[in-house]
Amino acid sequence: MNSCQYRCDADAVRRMAADAGASACGIAAAGPVGDEAVEQYRRWLSAGRHAAMDYMERHCALRDDPRELFPGTRSVIVCAFNYYTDEPVSLPVALYARGMDYHYVLRQRLEVMASRLCEEYGGQTRVCVDSAPLRERWWAVRAGLGFIGLNNQLIIPGRGSYFVLGVILWTGVAQTTRPLQGGDCGRCGRCVAACPAGALDSGGAALDARRCLSYLTIEHRGDFPPGTDLCGRLFGCDECQRVCPHNRHAAPSKIAEFHPSDEFAALRPDDIAALSSGAFKRMFRSSPIYRCRLAGLGRNLKMLYDISK
Ligand code: SF4
Ligand code: SF4
């Protein structure tokens, strides 16, 4: 495609993204993700580092090219939303899970943005917020948002990594934004050294989910593997981001939904232990914590505090 043929300029898309509450937005031309990325992903799968997330083995053709996922896609619009919060809470819960579930928050905002895009420039869209086989971080790098750190997180220069990504696949053509030059986090190694579970690799191999406390406390079903130590985490883990120098100047999110409510901030382990399934649903239905169900949260509670539900 000739770069002069775009119908929507990148600044117009970025303004819409900013209106939706995104802190950063980039655009890449749709196409295959490239052999190197495909190979890396396959190696990660064959090493079993995706743990029991079998769904990651499926739909590889769709994952490798968003035009297979949403036929007619010509532009991949990647938006990053800040979820950082510094309000104190009682429970050791990862920052992203202290407010509302980003799947709801981002989808609502990106659907509005996608409608505006179609009204103003035509075409069709599909909004993806961790809901489809799509290489969100690869596309974020491709669209110039940042680079992938040794901690496996997307790092946005000057802003850090406390961001969640949402993608709009669009059949229209937008001006693309360029990948950053020399994208490298600096490889100070602090994340690898700080990881309490040895899930990161100083050589840059992708995360080993089998060890990662974020995976184990959220995604893992059933009993923990023998020898598991949650190292003080109840739900999720931020350690490899907390120690990263790129997050030194992380600023609190302007998105109110990502901040903890007073009720959540005051919750103590005994309060969780006392929850009925109905009360759990009422309290966490809109929270990322709902993902691990009451059984998973109870299992984590028992392991961490020796409190039974
Ligand atoms: S802690 Fe250091 S090595 Fe790890 S992602 Fe941050 S800059 Fe890179
Ligand atoms: S989230 Fe925690 S356990 Fe997982 S890689 Fe990062 S520091 Fe390690």
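All ligand and atom numbering here is 1-based and tracks the order in the structure. All heavy atoms count here, side chains included; hydrogens, waters and symmetry mates do not.
Short contacts between ligand 1 and C185, defined as distances under 4.0 Å to a heavy atom of the residue, involve ligand atoms 3 (S), 5 (S), 7 (S), 8 (Fe). Those atoms of ligand 1 that come under 4.0 Å of a heavy atom in C188, given as number and element, are 1 (S), 2 (Fe), 3 (S), 7 (S). Atoms of ligand 2 lying under 4.0 Å from any heavy atom of L200, numbered from 1 in the order shown and given with element: 5 (S). The contact set between ligand 2 and P196, taken as ligand atoms under 4.0 Å from a residue heavy atom, comprises 7 (S). Shown in contact with E239 at under 4.0 Å from a heavy atom are these atoms of ligand 2, numbered in order with element: 7 (S). Residue contact check: L207 has heavy atoms under 4.0 Å from atoms 5 (S) of ligand 2. Per-residue contacts place N151 under 4.0 angstrom from the following atoms of ligand 1 (heavy atoms of the residue considered): 5 (S).
Of all protein heavy atoms, the one closest to atom 4 (Fe) of ligand 2 is C212 SG, 2.4 Å. Nearest protein heavy-atom neighbour of atom 3 (S) of ligand 2: L213 N, 3.2 Å. The protein atom (non-hydrogen) at minimum distance from atom 7 (S) of ligand 2 is C240 N, 3.4 Å.
Ring orientation note: the planes of Y41 and W44 are tilted relative to one another, at an angle of 30° to 60°.
Contact annotation: G186 has no heavy atom less than 4.0 Å from any atom of ligand 1.
Here R42 pairs with D64 in a salt bridge; the nearest charged N to carboxylate O distance falls below 4.0 Å. A salt bridge is absent between R268 and D270: the closest approach of a Lys/Arg side-chain nitrogen to an acidic carboxylate oxygen does not fall below 4.0 angstrom.
There is no side-chain donor-acceptor pair under 3.5 Å between T177 and R14.
Within the 4.0 Å heavy-atom criterion, the part of H246 lying near ligand 1 is the side chain and not the backbone.
No cation-pi contact links R233 to F235, judged by a cut-off of 6.0 Å to the six-membered ring centre and 45° from its axis. Because its NZ or CZ atom is not both nearer than 6.0 Å to the ring centre of F264 and within 45° of the ring axis, R98 does not count as a cation-pi partner of that residue.
Tracing side-chain contacts under 4.5 Å through hydrophobic residues (I, L, V, M, F, W, Y), one never reaches I156 starting from Y162; they form parts of separate clusters.
Contact check for E120 versus C8: no side-chain heavy atoms found under the 4.5 Å cut-off.
Looking only at distances, a side-chain donor or acceptor of R159 sits under 3.5 Å from a matching main-chain atom of S23.
Looking at A94, G236, C191, C195 and measuring to atom 8 (Fe) of ligand 2, the nearest heavy atom belongs to C195.
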